[in-house]
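This structure is a prediction, so every number in the text was calculated from the model and none was measured. Scope of the values below: all heavy atoms of this structure, side chains included, with no hydrogens, waters or symmetry mates.
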Amino acid sequence: DEVWNDAASTNSSIGTNNCNQEELALKLKYQKAFTETEACSVYDGPIEYKKLSVNVNLELYFRLFVFSTKEPEVVSVDLTKEDDEKMTKIIIETSPRIQLRPVDRHVSELDVKKAMGTGELLELRETFKKVWQEDIIPCGKSATRRISPHKKLLRGFHGDPMTKDGDFRFSAESRKVVFCTSDAAIYIITDHDEVSTKAIQDGSERKFTSPIPQKALFQNALWPHAFAR
């Protein structure tokens, strides 16, 4: 129930679950940290690839940037010592550069903390496996709360709208998404289709969940946005 009980946007989904104030504050803290990290993100991969198109070289982008192999600034952690700022930095450095909903981020953070001990942070990082594009139709309440359905007016042979009991009838069309797998999770990521295109306004600030722009380059260091983890 906690995983699926969220709304359409990142921020509005915080607080919709049955959690105490301490848990809510923790979700807000980490979500803010990841939002700020995304906004200030810098491409740190090989310089010869910085002018490559993200959408044309999707797998390479995920290997080099999204699942970064860069040496972390904090190399180890001692859980016997309380250090909130250091813990936040560790979680950011060991997580893929994929923006998640607060409930998914919270679950991801719990996974990292469970795996923690006094040891190397490189061992906590998710390992990239595969990324590919698919056409899917979200079915059921749980799925459509995460992925807005692509509804089209159902029309007859001559193109006239079809009705039933005075109401227009609709058909469900497929949505385009990107699937990404690691050694720890499966990510369902927004891609370009009619529904996501309508949500993007030229010149406006990128919002969650929106696909990486078609003309984006590696050097733009943009994060994928996930419907679900």
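Between W223 and F34, the ring planes are perpendicular. Angles over 60° get that label, and only those under 30° would be called parallel. Between Y187 and F67, the ring planes are perpendicular. Angles over 60° get that label, and only those under 30° would be called parallel.
Linking ILVMFWY side-chain heavy atoms closer than 4.5 Å, directly or via other members, places L64 and L52 in a single hydrophobic cluster. Residue I188 is grouped with residue W132 when hydrophobic side chains (ILVMFWY) are merged at heavy-atom distances under 4.5 angstrom, including chains of intermediate members.
Closest approach of S182 and K129 over heavy atoms only: C-CG, 3.6 Å. Closest approach of I189 and C180 over heavy atoms only: CD1-CB, 4.0 Å. Closest heavy-atom contact between F227 and T209: CE2-OG1, 3.5 Å. Closest of all the heavy-atom pairs between I136 and P138 is O-CD, 3.9 Å. Across all their heavy atoms, A221 and V42 have their closest contact at CB-C, 3.7 Å. For the pair R125 and D183, the tightest heavy-atom approach, listed with the atom from each and the gap, is O-OD2, 4.4 Å.
In this structure, CD in Q133 is found 8.0 Å from NZ in K176, a value given to the nearest 0.5 Å. Once rounded to the nearest 0.5 Å, the distance linking CG of L58 with CD1 of I212 reads 7.0 Å.
Checked by atom type and distance alone, the side chain of H225 pairs as donor or acceptor with a backbone atom of S210 at under 3.5 Å. Remark: the backbone N or O of L222 is not paired with any side-chain donor or acceptor of N220 at under 3.5 angstrom. Between the side chain of S95 and the backbone N or O of I92, no donor-acceptor pair lies under 3.5 Å. Of the possible polar contacts, none joining the S108 side chain to the D104 backbone as a donor-acceptor pair under 3.5 Å is found. R101 places a side-chain N or O within donor-acceptor distance of the main-chain N or O of R146, the cut-off being under 3.5 Å. For R175 (side chain) and D191 (main-chain N/O), no donor-acceptor pair under 3.5 Å exists by modelled atom type.
Side-chain contact check for F62 versus P224: some heavy-atom pair is nearer than 4.5 Å. R105 has its side chain within reach of Q99: a pair of non-hydrogen atoms, C-beta onward, lies under 4.5 Å apart.
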* Candidate pair F179 and K130, rule side chain to side chain contact (heavy atoms under 4.5 Å, CB included), full reasoning -> CA-CA 8 Å; F179 277 92; K130 188 178 180 180; over 6 Å; no
* To do: Carefully, step by step, assess F218 and V54 under the rule side chain to side chain contact (heavy atoms under 4.5 Å, CB included).
  => CA-CA 6 Å; F218 281 34; V54 173; 4.0 Å; yes
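Under the side chain to side chain donor-acceptor pair (under 3.5 Å) criterion, the residue pairs touching residues 43-56 are D44-R97, with sequence neighbours excluded.
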